[in-house]
S.K.: 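Dropping a structure here in structure tokens format, bear with me for questions.
By convention here, the first residue in the shown sequence is residue 1.
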Amino acid sequence: MGDTPVPVLWTAAPAATLDFYRTLGYTVTYEQTRPYVYLAFERNGCPIHFSGAPETAESIIEHVGCLVMVDNVADVHREFSTALRAHFGKIPAKGRPRITRFRPGQSRFSVVDPDGNTLIFIQRDEPEDVEYGGSAELEDLARVLDNARILRDFKNDDKAAARVLEVGLGRFATVATPLERARAMAMLAELAVATDEPRRAEKFRADIRALELSAEDRDAVTEELRAGTDLEHWLDGDD
């Protein structure tokens, strides 16, 4: 057996850390608060340890604490979401703690704990050839759409994804197909839901309804729009 690294993160509130990780299904393997703080958790053979935050640290800045490679990232997200909803009464999607959303085909998501430590859960066989900036095989708005997908699904950066879509729509509006424009608007609608901007989401949906699309293209966009609706249900706690 080779070396095994164990991440040691900071906690300024041990009780909240214990409560949060127990909620996610972690087992406490060590618990000490005096004379200094040291906590240890384990889930599926993956350990995470915590030490007390320095006295000079007024607030821990959010940062990536560790990457956790898993066999089925969708199952882990579903398990965590269910546990968090049961514990908090809703999905904590903002502030601390929180969990990022998950779409079919996505290969990672993030959990931010009460202290701002970020754990990124990644599908073990996630592709290594992700092209940030969009696939070189695509052009114009199609490439923008691919870039936005990467920013949304791999970088968890909704603001950047929305920004490149808005710029791309303005730049390629005259050469993009109606389907490409509709897909961009559908993605923007979903991102608006994620950032709690319902009016903005509805505006993009209305813009899509005003486009002249074939029946086949409208069916394809309906699938894209469903992601935003599913996200609304996830955030509201609906089945």
Side-chain angles (χ1 to χ4, degrees), residues 7 9 16-28 41-48 50 62-130 132 146 148-162 186-197 201 223-239:
L9 311 179
T17 298
L18 286 162
D19 180 65
F20 181 70
Y21 284 92
R22 281 179 171 136
T23 297
L24 292 181
Y26 279 83
T27 298
V28 179
F41 302 85
E42 185 173 307
R43 180 182 180 278
N44 289 343
C46 178
I48 302 175
F50 290 82
E62 290 185 12
H63 66 285
V64 176
C66 65
L67 309 179
V68 183
M69 312 306 291
V70 297
D71 292 329
N72 193 320
V73 69
D75 286 350
V76 176
H77 188 272
R78 188 179 305 110
E79 179 183 337
F80 284 0
S81 297
T82 300
L84 290 170
R85 180 181 292 127
H87 186 75
F88 293 105
K90 64 177 182 178
I91 297 291
K94 296 181 179 180
R96 301 179 185 174
R98 68 178 183 273
I99 183 173
T100 60
R101 69 191 186 285
F102 190 86
R103 302 175 90 256
Q106 198 169 319
S107 59
R108 58 174 64 189
F109 71 91
S110 298
V111 168
V112 180
D113 74 9
D115 283 300
N117 297 299
T118 301
L119 282 63
I120 303 178
F121 292 81
I122 304 174
Q123 183 75 26
R124 201 178 301 279
D125 58 357
E126 179 184 77
E128 298 180 0
D129 57 349
V130 175
Y132 292 99
D146 192 56
R149 177 184 65 84
I150 298 302
L151 289 168
R152 180 193 63 195
D153 296 350
F154 288 82
K155 298 292 288 182
N156 286 323
D157 195 337
D158 291 339
K159 290 183 178 180
M187 190 179 292
L188 281 166
E190 179 194 350
L191 292 168
V193 172
T195 54
D196 196 23
E197 299 175 276
E223 290 297 319
E224 294 278 350
L225 286 169
R226 186 170 293 124
T229 303
D230 290 345
L231 176 59
E232 288 174 331
H233 292 165
W234 180 73
L235 291 172
D236 293 338
D238 299 336
D239 293 330

S.K.: Apply salt bridge (charged side-chain N to carboxylate O under 4.0 Å, His left out) to Asp158 and list each qualifying residue two or more places apart in sequence or on a separate chain.
M.R.: Arg101
S.K.: Tell me whether Glu190 is salt-bridged to Arg226, with the criterion being a basic N under 4.0 Å from an acidic carboxylate O.
M.R.: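 A salt bridge is absent here (no side-chain N lies under 4.0 Å from a carboxylate O).
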S.K.: Supply the atom-to-atom distance Asp157 CG to Leu151 CG, rounded to the nearest 0.5 angstrom.
M.R.: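 Between atom CG of Asp157 and atom CG of Leu151 there are 6.0 Å.
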S.K.: The test is side-chain contact (heavy atoms from CB on, under 4.5 Å); show your working for Asn117 and His63 and say whether it passes.
M.R.: CA-CA 6 Å; Asn117 297 299; His63 66 285; 3.4 Å; yes
S.K.: Identify, with sequence neighbours excluded, every residue that meets ring pair (Phe, Tyr, Trp, His ring centres under 6.0 Å) alongside Tyr26.
M.R.: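 Result, ring pair (Phe, Tyr, Trp, His ring centres under 6.0 Å) vs Tyr26: Tyr21.
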S.K.: Going by heavy atoms in the side chains, are Leu84 and Phe20 under 4.5 Å from each other?
M.R.: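 A side-chain contact exists here, since the closest heavy-atom pair is under 4.5 Å.
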S.K.: How many angstroms lie between OG1 in Thr82 and NE2 in His87, if you round to the nearest 0.5 Å?
M.R.: 14.5 Å
S.K.: Please step through side-chain contact (heavy atoms from CB on, under 4.5 Å) for the pair Glu126 and Phe154, ending with a clear verdict.
M.R.: CA-CA 10 Å; Glu126 179 184 77; Phe154 288 82; 3.6 Å; yes
S.K.: Evaluate side-chain hydrogen bond (donor to acceptor under 3.5 Å, both in side chains) for Ser107 paired with Gln123, printing each intermediate quantity in order.
M.R.: CA-CA 5 Å; Ser107 59; Gln123 183 75 26; over 6 Å; no
S.K.: Asn44 side chain to Cys46 main-chain N or O, any donor-acceptor pair under 3.5 Å?
M.R.: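 Not a single qualifying donor-acceptor pair exists.
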S.K.: Under the salt bridge (charged side-chain N to carboxylate O under 4.0 Å, His left out) rule, collect the residues that match up with Asp146, sequence neighbours excluded.
M.R.: Arg149
S.K.: Report the C-alpha separation of Arg43 and Val76 in whole Å, then their side-chain angles, then the decisive distance to 0.1 Å, and conclude whether the side-chain contact (heavy atoms from CB on, under 4.5 Å) test is met.
M.R.: CA-CA 11 Å; Arg43 180 182 180 278; Val76 176; 4.2 Å; yes
S.K.: Checking Asp19 now: which residues fulfil salt bridge (charged side-chain N to carboxylate O under 4.0 Å, His left out) with it, not counting sequence neighbours?
M.R.: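 With sequence neighbours excluded, Asp19 shows a salt bridge (charged side-chain N to carboxylate O under 4.0 Å, His left out) to no residue whatsoever.
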S.K.: Anything under 30° is parallel, anything over 60° is perpendicular, the rest tilted; go ahead and classify Phe102 against Phe109.
M.R.: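 Judged by the thresholds at 30° and 60°, the geometry between Phe102 and Phe109 is perpendicular.
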S.K.: Supply the atom-to-atom distance Glu197 CD to Leu188 CG, rounded to the nearest 0.5 angstrom.
M.R.: 10.5 Å
S.K.: Between Leu235 and Val193, is any pair of side-chain heavy atoms under 4.5 Å apart?
M.R.: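 Yes, side chains in contact.
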S.K.: I would like to know whether Val28 and Leu18 meet side-chain contact (heavy atoms from CB on, under 4.5 Å); could you show each step before the answer?
M.R.: CA-CA 8 Å; Val28 179; Leu18 286 162; 3.9 Å; yes
S.K.: Can you tell me how far CG of Leu9 sits from CZ of Phe50, rounded to the nearest 0.5 angstrom?
M.R.: 4.5 Å
S.K.: Would you mind reporting whether Val64 and Ile120 have side-chain heavy atoms less than 4.5 Å apart?
M.R.: yes
S.K.: Mind checking the CZ-CG spacing from Phe121 to Leu67? Nearest 0.5 Å is all I need.
M.R.: 10.5 Å
S.K.: Mind checking what makes salt bridge (charged side-chain N to carboxylate O under 4.0 Å, His left out) contact with Lys94, not counting sequence neighbours?
M.R.: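 Expected list: Asp196.
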S.K.: Is the shortest heavy-atom distance from the side chain of Val70 to the side chain of Val68 under 4.5 Å?
M.R.: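 Side chain of Val70 against side chain of Val68, heavy atoms only: contact under 4.5 Å found.
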S.K.: Taking the side chain as C-beta and beyond, is there a heavy-atom pair between Arg152 and Arg103 under 4.5 Å?
M.R.: yes
S.K.: Residues in side chain to side chain contact (heavy atoms under 4.5 Å, CB included) with Ser81, at least two apart?
M.R.: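 Residues passing side chain to side chain contact (heavy atoms under 4.5 Å, CB included) with Ser81: His77, Ile91, Ile99, Trp234.
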S.K.: Between atom CD1 of Ile150 and atom NZ of Lys155, what is the distance when rounded to the nearest 0.5 Å?
M.R.: 11.0 Å
